[in-house]
Engineer: 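Would you mind keeping the following structure in view while I ask a few things?
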Protein chains: 2
Amino acid sequence: MEKARTTLRLQDVAEQAGVSIATASRSLSGATGVSPSVAERVREVARQMGYVANLHARSLAAGTSRSVGLVVHEIGDPYFAEIASGVLRVGAREGLTVQICHSGRDPERELDQIRMLVANRVGAVVIAGSGFVDPAMQAAARADLQAYRRNGGRVAVIGRHHLGVDAVVPDNIKGGRAVAEHVLGLGHRSIAVATGSRELTTIADRLTGVAEAFAAAGIDFDRVPIIEAAFTRDGGKAAAEEILTRHRDVTAVLAMNDDMAIGILSTLRSHGVSVPDQISVSGFDDVAVAQDLSPSLTTVRLPMVEMGESALELALKEPAARPRRQRAAHQLVVRGSTAPPPA
Amino acid sequence: MEKARTTLRLQDVAEQAGVSIATASRSLSGATGVSPSVAERVREVARQMGYVANLHARSLAAGTSRSVGLVVHEIGDPYFAEIASGVLRVGAREGLTVQICHSGRDPERELDQIRMLVANRVGAVVIAGSGFVDPAMQAAARADLQAYRRNGGRVAVIGRHHLGVDAVVPDNIKGGRAVAEHVLGLGHRSIAVATGSRELTTIADRLTGVAEAFAAAGIDFDRVPIIEAAFTRDGGKAAAEEILTRHRDVTAVLAMNDDMAIGILSTLRSHGVSVPDQISVSGFDDVAVAQDLSPSLTTVRLPMVEMGESALELALKEPAARPRRQRAAHQLVVRGSTAPPPA
DNA sequence: GTGAAAGCGCTAACAA
DNA sequence: TTGTTAGCGCTTTCAC
């Protein structure tokens, strides 16, 4: 008794169409050198049989694959979800499959995930998590990535990394400066900053911009309360609690991302503190809900979806001699959560 | 001149370690039947050389792959982002890579994506988009999926589908009923419903539950204004505009998801309509920001992350004789956006 | 324009 | 316990 074949092979299609496997291959992959009529017939037969090529076999034989990888800190976070959306969009357009993985803001996990992607022989990888300030921390990742690139792999990152690869970089410094200038311009002088870990370059840069604005306004940044907490809504809540307890004179809070700002708004509201009448709050990123909050959130808009798109497009381009750096536009978006300080 | 090998092969590791390629394979894949000392040595050599196995070759030879697929409508949508987070979490735990793709709520695109996943020989696919009410619409997908399963592929869906596979199903009917009963219980009688396309089973079910509650309250559901718009924030805004224009007597709006509810809140606010004093608003899903809105949103909580986890776990289990159906707990969460109607 | 055949890098019988 | 070898399904020279 013959063992029944389960999956269709290219050979089955070839036999059915009465051509050689080579011709079948050429017909289906759209290669040149097959007479149009034959190619069409093969395609028709394949379609009717419901044949789907085995991409593993194809990748193995051709040495290239139609897939790319994306590393994010956490896909449930709107910031990364929107970036992923952009990456998926370009991927679909180019007929690429996209593997997404979490790094959980952990450099070691990030490295593991990169290794896995390399093992999967993806054609390109996009790293969307923020880099770490400490270059040593990324030495291993950098080495792996270099080896990967020597073998023809493409890499692009979003944000500032020490990886020596193409990058889409939002100007976090200028953005931080813009939002701080806005709040200072409203007349605030007693300002607190709510931030995540300064080990992340994204955060470090935003803080740098804020510091610049303070310096320009003649304010000693060392005296400004910087509340460091998780870079999440819960972190924002914790920061707000601390501000209400230990910095009662504060009239404005600069959150280093929207998530924290949302948590801050929530906590202030539950404490009966009116925004922006008593305290102004600003965010950073302009996630989709920022405009629908009440009050709507003053923030710095980063085009996350476009950044995802650009990053993959950059990675897909012919590699350049030296790393390319593409700036992402940022834009101060003034909404209802900021106003002059109470008289 | 010999062409320089770029990527390391298993053979290179085997030679370096002084063993056969078979032994090297067994050592690295953790298979039994190798002396511990040899296995350890091989692993050490591989690590030092920086060898990463070619997963395509492995999949092709072994006929199985350590990857799974996830199909969502749109990863930028928090609902799906949270589900994806759950899937990625389990995937990481099990050492699986996850391919994510967009269907864009388009049955044809969904089919294409499924085909692509099948071509990639993923071990399992999780479909997270809502199914369509019209069974004919999914006939093709169903056929493809059946063939995939006959070849050993696993499938699980989130939500009600006509696909004949394992499913994680939120009880949308009861959830719809619960939120409608809550609003009716507050005394509202002039209620509008804001919804997305009823072609989606998720939405159809929620509406069914709502209708049940209305019937139980002795209200003719046919007289209730049902505003159909995009199942997004923008759709919610459009629905709110219409309600303000054409249904001025409405004291409560039931939105069939949080996204729409957020858009509704936003539009009502910009029109100076107070929530919940003048109009109550409810949502569905309990996306993370729902609790941080102002007013915080009354909604039906669905454990999205857990649903994603369960779906992949279900797909990874040994297949059962008949499709399994796992209920996801839902819970009415009463917050600030609902109150009795104005006197 | 088409076909035969040699791999792509790995796993899994089967032998030793 | 270890090694030899035949594929996995496809692409791609190289002949014809």
Side-chain angles (χ1 to χ4, degrees), chain A residues 3-43 45-46 49-67 118-123 151-152, chain B residues 3-43 45-46 49-67 118-123 151-152:
Chain A
K3 182 180 159 211
R5 277 227 61 73
T6 49
T7 320
L8 258 32
R9 302 188 320 294
L10 181 57
Q11 168 132 29
D12 302 322
V13 176
E15 282 170 7
Q16 185 78 20
V19 296
S20 77
I21 186 175
T23 299
S25 170
R26 289 192 267 256
S27 303
L28 294 178
S29 66
T32 170
V34 194
S35 78
S37 61
V38 173
E40 182 46 51
R41 182 157 49 82
V42 172
R43 276 193 288 269
V45 168
M49 297 175 79
Y51 169 77
V52 256
N54 183 327
L55 261 29
H56 292 305
R58 179 172 285 182
S59 296
L60 186 56
T64 63
S65 88
R66 300 293 298 163
S67 72
V118 171
N120 272 289
R121 297 298 188 272
V122 295
N151 290 320
Chain B
K3 182 180 159 212
R5 277 226 62 72
T6 50
T7 321
L8 258 32
R9 303 190 316 299
L10 182 56
Q11 168 129 33
D12 302 323
V13 176
E15 282 170 7
Q16 184 78 19
V19 297
S20 76
I21 186 176
T23 299
S25 171
R26 289 191 269 257
S27 303
L28 294 178
S29 65
T32 169
V34 193
S35 79
S37 60
V38 173
E40 182 46 51
R41 183 157 47 82
V42 173
R43 275 194 289 270
V45 168
M49 297 174 80
Y51 168 77
V52 256
N54 182 327
L55 260 29
H56 292 304
R58 179 172 286 183
S59 295
L60 186 57
T64 64
S65 88
R66 300 293 296 163
S67 71
V118 171
N120 272 289
R121 297 301 189 271
V122 295
N151 291 321

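Letters A, B, ... mirror the listed sequences (proteins, then strands); counts begin at 1. Bear in mind that the values here come from a model prediction, so they are computed numbers and not experimental data.
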Engineer: Whole angstrom is fine here: how far is it from CD in A/Gln11 over to P in D/dG7?
Structural biologist: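 After rounding, the reported distance stands at 13 Å.
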
Engineer: Round to the nearest Å and state the distance from B/Glu15 atom CD to C/dG9 atom C1'.
Structural biologist: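 Those two atoms, CD and C1', are 14 Å apart.
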
Engineer: Can you find a heavy atom in the side chain of A/Arg121 that is under 4.5 Å from one in the side chain of B/Asn54?
Structural biologist: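 Yes; the side chains approach each other to less than 4.5 Å.
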
Engineer: What is the distance, rounded to the nearest whole Å, between atom NE2 of B/His56 and atom P of C/dT11?
Structural biologist: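 For the pair B/His56 NE2 and C/dT11 P, the rounded distance is 14 Å.
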
Engineer: In whole angstroms, how far is the P atom of D/dC8 from the CZ atom of B/Arg121?
Structural biologist: 13 Å

Engineer: Any side-chain heavy atom of A/Tyr51 sitting closer than 4.5 Å to one from A/Val45?
Structural biologist: no

Engineer: Nearest whole Å is fine: how far is C/dC10 C1' from A/Leu60 CG?
Structural biologist: 8 Å

Engineer: Heavy atoms, side chains only, cut-off 4.5 Å: are B/Ser25 and B/Leu10 in contact?
Structural biologist: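 Heavy-atom side-chain distance check passes, below 4.5 Å.
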
Engineer: Using a heavy-atom cut-off of under 4.0 Å over every strand shown, decide if B/Gly33 touches base, sugar-phosphate, or nothing.
Structural biologist: base

Engineer: I need the B/Gln16 CD to B/Gln11 CD distance, nearest 0.5 Å.
Structural biologist: 12.5 Å

Engineer: For nucleotides 11-16 of chain D, read 5' to 3', which letter fits each nucleotide if B means a protein heavy atom sits under 4.0 Å from the base, S means only the sugar-phosphate is that close, and - means neither?
Structural biologist: BBB---

Engineer: Does any part of the side chain of A/Arg43, heavy atoms only, come nearer than 4.5 Å to the side chain of A/Leu28, both counted from C-beta?
Structural biologist: yes

Engineer: Any side-chain N or O of A/Tyr51 under 4.0 Å from OP1/OP2 of D/dG9?
Structural biologist: no

Engineer: Rounded off to whole Å, could you give me the CZ-to-P distance for the A/Arg41 and C/dG1 pair?
Structural biologist: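 Nearest whole value for this atom pair: 15 Å.
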
Engineer: Minimum heavy-atom separation for A/Arg26 and A/Val34, please, with both atom names.
Structural biologist: CB-CG2, 3.4 Å

Engineer: Starting at atom CG of B/Leu28, determine the distance to atom P of C/dA12, rounded to an integer number of angstrom.
Structural biologist: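 Whole-Å distance recorded here is 13 Å.
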
Engineer: Round to a whole Å and report the spacing from CG of B/Leu55 to P of C/dC10.
Structural biologist: 10 Å

